[in-house]
Amino acid sequence: MWLVTTFLLMAVTQTHADYSSLQAVLSQKGLQKVSHWMTDWLQNEMSKITLPDVSGSVDIFLGLVHYVLHDMHVVRCDLPEPSVAFSEGTGVSLQVNGLSLAINGLWNTQFGIIHDSGWFDLAIYTINFNTLLEFQSTEEHLSISSVMCSADVGSVQVHFHGGASFFFQPFVEKFSGRIKNMIQERICPGFQEGIENIDKDLAASDNIKMDPYVYLNVSLTDSPAVFDNGFELYIKGEFYSLSSPSEPPFSPNHFELPWKADYMLSVGMSEFCVNSAAFAYLNSGVLNITITDDMIPKSSPIHLNTSQFGSLIPQLPKLYPDMEMEVVLYASDTPLISLNQTVINVNLSASAKFYAVKTNTDLVPLFRLDMQYSFNAKVRIDDQLLKGVLELNNLTIVLGSTEIDKFDTTPFQTMVKLALNSFVLPKLNAQLKEGLPLPRVKGFSLTNSVMTIENGFLVVATDISSPFDFLQSDKL
Ligand SMILES: *[C@@H]1O[C@H](CO)[C@@H](O)[C@H](O)[C@H]1NC(C)=O
Ligand SMILES: *[C@@H]1O[C@H](CO)[C@@H](O)[C@H](O)[C@H]1NC(C)=O
Ligand SMILES: *[C@@H]1O[C@H](CO)[C@@H](O)[C@H](O)[C@H]1NC(C)=O
Ligand SMILES: *[C@@H]1O[C@H](CO)[C@@H](O)[C@H](O)[C@H]1NC(C)=O
Ligand SMILES: *[C@@H]1O[C@H](CO)[C@@H](O)[C@H](O)[C@H]1NC(C)=O
Ligand SMILES: *[C@@H]1O[C@H](CO)[C@@H](O)[C@H](O)[C@H]1NC(C)=O
């Protein structure tokens, strides 16, 4: 019996595994781009290599000359574009052939009581560098480590300047071997230090603050998958309210991202991800606005005024003659969004609480209307703009509560429907027809993007460009 129970328990816990609501795949084409951007970073890491002093002595028959080579630093690093490839099941292999470094430093000698000093420059050619990076999920975040690294240094040239530097030149052979080994020993640790810093940054970012109201949990639900042509991340992808984070009353839906190798990046977002955003905004109290009469254009035929509302609610002007009104409009339930092959369906529950304004601080509650909206949206990305059409599917308005007796809400429903269909939606649709710009993240922009709506999720496949692109094309 216990066996059956255990088995059932296992089955239950397995079905309750966290589905990822956000999935992203970087393709080979995307990796090429990332490595192009990484060239600058790598160059910078190589330039930060610190070299210890080299000291020793040279026997010149008359006695020993003690020397110190010190304050060595990399002044120039020439890095050819690395070649990168996915290593299935592990991560990415990176290979650099023909890296060169220029190093400057100072020298001091002591021969008895005679001190001398000067400077030198050192050129190191044909450094080959080879590493394998492993991607893993550690404590639910992406971790990256260098599991293999090798470097070999081709040739070294040293020139001494200043003081009696002619004296050193014959001993170059002796130094260059030592310096070559020293550099060779420092390339991999230097690179690994850089990778460890990136790894620390990754560990510190399990959520992204989107705006003052919500954050996105980007912890991983599973180990990253490395294929021979791409790298996929499974991200929790749930939005939370910053002020009152809580779990929504609906659960994640499963989906599998159909990604495209001819785009650098494919991102899939499930219905749950989108709906958790709606729930988070609702919890933050953002979907709550107060409408006063001064917000309504003077030219509008309808004003928030008890006399005017007399045609809809006959008893209102009798109870509160000729008073301004105020409306608090808020989302009363989580908006529910469903993604259904080409169409996005949005169901919105909103309430409008009406008040009569006696004085600025004295509001008399009148009644509350509960409204159910259902919209259909068709959206697409065209020319890097988000375009679409929004149409009203269904609208029902009922009287939620009243302090002034019951009244028929059918005229309200007709009026709101008319206002939506003849003013609000045409205006919105005109904007959607022209298109809204796609978001940019830290200067990175999307190019060639396409969006498809699938059953229960949406996919954006895109190329990425950054301001570095044209800086680097200048250099290459
Ligand atoms: C994100 O989700 C993971 C997994 O459910 C959880 O362990 C982690 O605490 C969450 N982080 C935040 C900041 O909500
Ligand atoms: C809307 O905002 C007002 C004032 O900020 C607040 O008193 C009210 O409780 C809010 N209502 C909802 C449903 O969030
Ligand atoms: C209400 O509207 C009527 C005419 O529609 C206008 O005469 C009156 O001044 C308005 N009252 C307030 C308080 O705005
Ligand atoms: C939204 O409401 C319509 C009817 O008003 C219904 O057919 C549809 O299934 C609802 N969609 C969601 C996501 O609840
Ligand atoms: C969405 O699509 C599914 C399957 O294609 C279908 O069963 C469902 O009725 C559709 N829902 C809506 C609101 O159109
Ligand atoms: C609109 O919604 C109401 C209830 O919410 C429902 O009775 C009615 O059938 C819906 N109409 C359409 C066209 O979906």
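If you read the sequence from its start, that first residue is 1, and numbering goes on from there. All ligand and atom numbering here is 1-based and tracks the order in the structure.
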Asks: Atom CD in Gln136, atom OG1 in Thr90: separation rounded to 0.5 Å?
Replies: 9.5 Å
Asks: In the complex you have, is atom 9 (O) of ligand 1 within reach of the protein, judged by whether a heavy-atom distance drops under 4.0 Å?
Replies: no
Asks: Got the closest protein heavy atom to atom 5 (O) of ligand 1, with its distance?
Replies: Lys236 NZ, 2.6 Å
Asks: Would you indicate whether the side-chain heavy atoms of Ile464 and Thr447 approach each other to under 4.5 Å?
Replies: no
Asks: Hey, are Asp463 and Lys29 close enough for a salt bridge, meaning a charged N less than 4.0 Å from a carboxylate O?
Replies: yes
Asks: Could you find the nearest protein heavy atom to atom 14 (O) of ligand 1 and give me its residue, atom name and distance?
Replies: Tyr215 OH, 3.1 Å
Asks: In terms of residue, atom name and distance, what is the protein heavy atom nearest to atom 6 (C) of ligand 1?
Replies: Glu140 OE1, 3.8 Å
Asks: Pick one of side chain, backbone, both or neither for how Asp206 approaches ligand 1, counting any non-hydrogen atom pair under 4.0 Å.
Replies: side chain
Asks: Which one of Ile208, Leu216, Asn217 has a non-hydrogen atom at the shortest distance from atom 1 (C) of ligand 1?
Replies: Asn217
Asks: Is Val214 close to Tyr281 at the side-chain level, that is, under 4.5 Å between some pair of heavy atoms?
Replies: yes
Asks: Among all protein heavy atoms, pick the one closest to atom 3 (C) of ligand 1 and tell me residue, atom and distance.
Replies: Ser219 OG, 3.4 Å
Asks: Just how far is it from atom CZ of Phe250 to atom CD of Glu271, taken to the nearest 0.5 Å?
Replies: 10.0 Å
Asks: Could you tell me whether Lys209 and Asp211 make a salt bridge, using a distance below 4.0 angstrom between a side-chain N and a carboxylate O?
Replies: no
Asks: Can you report which non-hydrogen protein atom sits closest to atom 13 (C) of ligand 1, along with the distance?
Replies: Asn207 ND2, 3.5 Å
